[in-house]
Amino acid sequence: MEQKIEKLIAWLREQVHNAGLNGAVVGISGGIDSAVVTHLIKRAFPNDSLGLIMPCKSNPKDKEDALKVVASCGIKHLEIDLTETHQTLFREIEKQLKEKGEWNEEAAKLGDANTRARLRMTTLYAVANNYGYLVVGTDNAAEWHTGYFTKYGDGGVDLVPLVHFTKGEVREMARILGVPEEIITKAPSAGLWEGQTDESEMGTTYEMIDKYLKGEDIPEKDRQIIERLHNRSHHKRQLAIAPPKF
């Protein structure tokens, strides 16, 4: 794993160099995946790396954990609170749809959460543009395979260094890099709403997804869930789809 970390760091430097840019930026959520990427870009670009903490109707504990990640590797960071921006945007959307009598209350919870993810993406690119940085994503192999990310939100990035690593491998990497133990052991959550966890929302566990990706036997129920998630999220792993030339 230490060799893989060194190869990832070299790959990050190569990608930034090939793009003619200066460094890298990542959004720090307080979770393990973003913590690992934060450590990686700090090692790759000691003087040209940046972590963004972007609260948006967030649990205050997430900010505390994000600051622990910052302290653990010494990366420069900015905090940009998007709560008010999100409220202004989403309330206007709600107002206009209600005036047309077409507001879907059942869809609002997910729409609200996805809008937060896309606001963070927009913020990352605005800051990246300022510094001449690439935006580095945090999706691991399990999230990528199941589509457990927001299209053009946390999936809207330039580089995905963890996309071939299972959740278990990310934990191994985190310990080598020096990510705080409380970040490594906390329940994975996208922070979409109060009490939300990744595994409860997906209906299976990262352990089962990791085993599936490694070709190991898992219960039929879990296999069906994983394959259903993968199939219905196919569009997320593609660029915008174009028709053939007519």
### Query
Of all heavy-atom pairs between I209 and A142, which one has the smallest distance, and what is that distance?
CG2-CB, 3.5 Å
### Query
Does R223 reach the main-chain N or O of I218 with its side chain, forming a donor-acceptor pair under 3.5 Å?
no
### H86 and K57 side chains, donor-acceptor separation under 3.5 Å
no
### Query
What's the shortest heavy-atom distance between R120 and P55, and which atoms?
NH2-C, 4.2 Å
### Query
Can Y133 and D48 be counted as having a side-chain donor-acceptor contact under 3.5 angstrom?
yes
### Message
Can you confirm whether L67 sits close enough to H77 that some side-chain heavy atom of one is under 4.5 Å from a side-chain heavy atom of the other?
### Response
yes
### Message
Under a 3.5 Å distance rule, please check whether S233 uses its side chain to pair with a backbone N or O of T146 as donor and acceptor.
### Response
yes
### Message
Is any side-chain heavy atom of F165 closer than 4.5 Å to one of V170?
### Response
yes
### Message
side chain to side chain contact (heavy atoms under 4.5 Å, CB included), that's the test. Do E99 and K95 meet it? Break it down for me.
### Response
CA-CA 6 Å; E99 286 179 2; K95 175 188 171 186; 3.3 Å; yes
### Message
Within the structure provided, determine whether P219 and M208 are in side-chain contact (heavy-atom separation under 4.5 Å).
### Response
yes
### Message
Using every non-hydrogen atom in the two residues, find where V179 and A35 come nearest and quote the distance to one decimal.
### Response
CG1-CB, 3.8 Å
### Query
With a 4.0 Å cut-off, would you call K214 and D210 a salt bridge?
no
### Query
Salt-bridged, K68 to E64, with N to O below 4.0 Å?
no
### Query
Any chain of hydrophobic side-chain contacts (each under 4.5 Å) joining W11 to M1?
yes
#### Entry: Path from I28 to L52 over hydrophobic side-chain contacts below 4.5 Å
no
### Pair R118, T122: side-chain N/O donor-acceptor within cut-off below 3.5 Å
no
### Message
Counting neighbours of CD on Q3 that are heavy atoms of other residues, nucleotides or ligands and sit closer than 6.0 Å, is the number greater than 12?
### Response
no
### Message
Measuring from atom NZ of K109 to atom CG of N114, what distance do you get when rounded to the nearest 0.5 angstrom?
### Response
12.5 Å
### Task
State the CG-CE distance between L229 and M202, to the nearest 0.5 angstrom.
7.5 Å
### Query
When clusters are formed by joining ILVMFWY residues with side-chain heavy atoms under 4.5 Å apart, either directly or through shared neighbours, do V16 and I9 land in the same one?
yes
#### Entry: Nearest atoms (heavy-atom pairs only) where L21 meets G132
CB-O, 3.2 Å
### Task
Answer yes when E207 and K167 have at least one side-chain N-carboxylate O distance shorter than 4.0 Å, and no when they do not.
no
### Message
Do the side chains of D65 and K186 get close enough for a salt bridge, i.e. N-O under 4.0 angstrom?
### Response
yes
### Message
Before you tell me yes or no, could you show the steps for E220 and Q224 under side chain to side chain contact (heavy atoms under 4.5 Å, CB included), namely the whole-Å CA-CA distance, both residues' side-chain angles and the distance that decides it to 0.1 Å?
### Response
CA-CA 6 Å; E220 180 64 17; Q224 290 182 4; 3.1 Å; yes
### Message
If we count only N and O atoms by modelled type, under 3.5 Å, do the side chains of Y212 and D217 hold a donor and an acceptor together?
### Response
no
#### Entry: Check: H145 main-chain N/O paired with R237 side-chain donor or acceptor under 3.5 Å
yes
### Query
Hey, is the main chain of A108 close enough, under 3.5 Å, to the side chain of D112 for a donor-acceptor pair?
no
### Atom CD of E216: over 12 foreign heavy atoms under 6.0 Å
yes
### Task
Look only at the side chain of D62 and the backbone of S58, and say whether a donor-acceptor pair between them is shorter than 3.5 Å.
no
### Message
When you compare the side chain of M173 with that of L162, does any pair of heavy atoms fall below 4.5 Å?
### Response
yes
### Message
Any non-hydrogen side-chain atom of I75 less than 4.5 Å from a side-chain atom of L50?
### Response
no
#### Entry: Contact check, side chains of L40 and L177, non-hydrogen atoms, under 4.5 Å
yes
### Summary
For S34 and G27 the tightest heavy-atom approach is CB-O, 3.4 Å
### Query
With hydrophobic residues grouped by side-chain heavy-atom distances under 4.5 Å, do Y125 and V26 end up in a single group?
no
### Message
To the closest 0.5 Å, what do you measure between CG (L12) and CG (L134)?
### Response
9.5 Å
### Query
Between S72 and H39, is any side-chain donor less than 3.5 angstrom from a side-chain acceptor?
yes
#### Entry: Joint hydrophobic cluster, I80 plus L124, side-chain heavy atoms closer than 4.5 Å
yes
## Note on the structure
Between V25 and A128 the two heavy atoms that sit nearest each other are CG1-CB, 3.8 Å
### Task
Could you tell me whether E2 atom CD has more than 12 heavy atoms of other residues or ligands within 6.0 Å of it?
no
### Task
Quick one: do L82 and R116 satisfy side chain to side chain contact (heavy atoms under 4.5 Å, CB included)? Show the steps, please.
CA-CA 8 Å; L82 299 173; R116 278 180 270 152; over 6 Å; no
### Message
Once rounded to the nearest 0.5 Å, what's the spacing between atom CZ of R232 and atom CZ of R228?
### Response
6.0 Å
### Task
Rounded to the nearest 0.5 Å, what's the gap from CD on E172 to OG1 on T166? Could you check?
8.5 Å
### Query
Quick check: are there more than 12 heavy atoms from other residues, nucleotides or ligands sitting under 6.0 Å from CD of E92?
yes
### Query
In Å and rounded to the nearest 0.5 Å, what is the SG to CD distance from C56 to Q87?
8.0 Å
### Message
Can you tell me if H17 has over 12 outside heavy atoms packed within less than 6.0 Å of its NE2?
### Response
no
### Task
Taking the side chain as every heavy atom from C-beta outward, state whether V136 and D158 have any atom pair closer than 4.5 Å.
no
### Query
Heavy atoms, side chains only, cut-off 4.5 Å: are Y148 and K236 in contact?
no
